[in-house]
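Written below as structure tokens is the structure these notes are about.
Values below: every heavy atom of this structure, side chains too, minus hydrogens, waters and symmetry copies. Predicted, not measured: the structure shown is a model, and the values here were computed from it.
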Amino acid sequence: MKKTTRSALILAGDIGGTKTRLGLYRASETASRLLTSTSYPSKAYRGLASIIDEFLQGQERISAASFGVAGPVVNGSAVATNLPWKISESSLRRVLNIKNISLINDLVANAYGIEVMEKSDFTVLNKGGGSAGNRAILSAGTGLGAAIVFWAGDRYIPSPSEGG
């Protein structure tokens, strides 16, 4: 008899000073599929918990969540850039009633995402050499986001940084 495993329901978020984007994904060991996503004007809400509450209305229970937040994340906590929000993994665990929560810098989240993109997702501005090495990611948004991506010989490892 073939064993079937139910795929997990994952909440992902991009928390910014201007807008907060949330997405709900069905994930298995081999793939993930976006089920729904919504963008919210961040300043119209008292905090991330109220946005999550609104977004998850009528949804089944999630298994895990990860949030990229603009600004430094220290010991699982962040004060959102240009917002009066303090966000922490421990408070999100209580709000969502799940253990699997991660709060990371938004550019580190981008660095992880780049690794799963297809070659066709990119546009080459200036063709360079094909050697492996360290990378930098810069993003001008409400602030200037930055991440360093170190080459570890067999894979890339993102590390947060701050551009300003």
Side-chain angles (χ1 to χ4, degrees), residues 6-118 120-123 135-149 156 158-164:
R6 184 175 167 90
S7 55
L9 196 59
I10 310 294
L11 172 62
D14 177 17
I15 317 307
T18 305
K19 59 186 156 210
T20 294
R21 294 180 196 97
L22 296 180
L24 203 54
Y25 292 81
R26 181 68 67 192
S28 68
E29 289 183 27
T30 58
S32 63
R33 179 174 53 94
L34 177 65
L35 302 175
T36 186
S37 66
T38 306
S39 183
Y40 299 87
S42 298
K43 292 182 180 178
Y45 292 83
R46 295 181 58 162
L48 179 56
S50 57
I51 295 175
I52 291 171
D53 208 32
E54 184 176 316
F55 180 73
L56 291 178
Q57 287 276 324
Q59 298 292 342
E60 65 183 88
R61 184 170 158 77
I62 62 170
S63 303
S66 183
F67 302 94
V69 62
V73 177
V74 179
N75 296 323
S77 294
V79 175
T81 302
N82 297 320
L83 290 171
W85 298 357
K86 180 169 172 143
I87 306 166
S88 72
E89 290 175 349
S90 59
S91 67
L92 290 168
R93 279 188 190 97
R94 284 191 302 274
V95 166
L96 293 166
N97 195 28
I98 59 172
K99 292 181 182 177
N100 297 324
I101 297 276
S102 67
L103 183 64
I104 60 176
N105 173 270
D106 59 346
L107 267 287
V108 170
N110 286 344
Y112 281 114
I114 284 172
E115 292 306 309
V116 298
M117 293 174 70
E118 302 294 329
S120 62
D121 294 324
F122 295 93
T123 299
R135 299 173 177 173
I137 299 174
L138 300 173
S139 177
T142 305
L144 177 62
I148 303 165
V149 187
Y156 286 99
S159 178
S161 182
E162 285 300 314

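The side chain to side chain donor-acceptor pair (under 3.5 Å) search around Ser66 returns Ser102, not counting sequence neighbours. For Glu118, the side-chain contact (heavy atoms from CB on, under 4.5 Å) partners at least two apart in sequence or on another chain are Ser120, Asp121.
To the nearest 0.5 Å, atoms CD (Gln59) and CG (Leu24) are separated by 5.0 Å. Atom CG of Leu9 and atom CG of Leu35 lie 6.0 Å apart (nearest 0.5 Å). Expressed to the nearest 0.5 Å, how far CD of Glu89 lies from CD1 of Ile104 amounts to 9.5 Å. The CZ atom of Arg94 sits 11.0 Å away from the CD1 atom of Ile101 when rounded to the nearest 0.5 Å. Here the straight-line distance linking atom CG of Leu138 with atom CG of Leu107 works out to 7.5 Å at 0.5 Å rounding. Summarising the geometry, atom CD1 belonging to Ile15 is positioned 6.5 Å from atom CH2 belonging to Trp85; distances are rounded to the nearest 0.5 Å.
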Name the atoms and distances for all side-chain donor-acceptor pairs under 3.5 Å in residues 39-50, with sequence neighbours left out.
{"unit_1": "Ser42", "atom_1": "OG", "unit_2": "Gly16", "atom_2": "O", "d": "2.7"}
{"unit_1": "Ser42", "atom_1": "OG", "unit_2": "Thr20", "atom_2": "N", "d": "3.2"}
{"unit_1": "Ser42", "atom_1": "OG", "unit_2": "Thr20", "atom_2": "OG1", "d": "2.8"}
{"unit_1": "Tyr45", "atom_1": "OH", "unit_2": "Glu54", "atom_2": "OE1", "d": "3.1"}
{"unit_1": "Tyr45", "atom_1": "OH", "unit_2": "Glu54", "atom_2": "OE2", "d": "3.2"}
{"unit_1": "Ser50", "atom_1": "OG", "unit_2": "Gly47", "atom_2": "O", "d": "2.8"}

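Of the options Asn100, Ile98, Ile52, a side chain to side chain contact (heavy atoms under 4.5 Å, CB included) to Ile62 is made by Ile98 and by none of the others.
Among all heavy-atom pairs drawn from Phe67 and Leu92, the shortest one is CD1-CD1, 3.7 Å. Nearest heavy-atom pair, Pro72 versus Ala78, reported as atom, atom and distance to 0.1 Å: O-CB, 3.4 Å. The two residues Asn105 and Ala146 have their closest heavy-atom pair at OD1-O, 4.1 Å. Pairing each heavy atom of Ile10 with each of Ala27, the nearest pair is CG1-CB, 3.9 Å. For the pair Tyr25 and Ala12, the tightest heavy-atom approach, listed with the atom from each and the gap, is CE1-CB, 3.9 Å. Shown here for Leu96 and Leu56, the closest heavy-atom pair between the two residues is CD2-CD1, 3.6 Å.
Between Ile114 and Tyr156 there is no side-chain heavy-atom pair separated by less than 4.5 Å.
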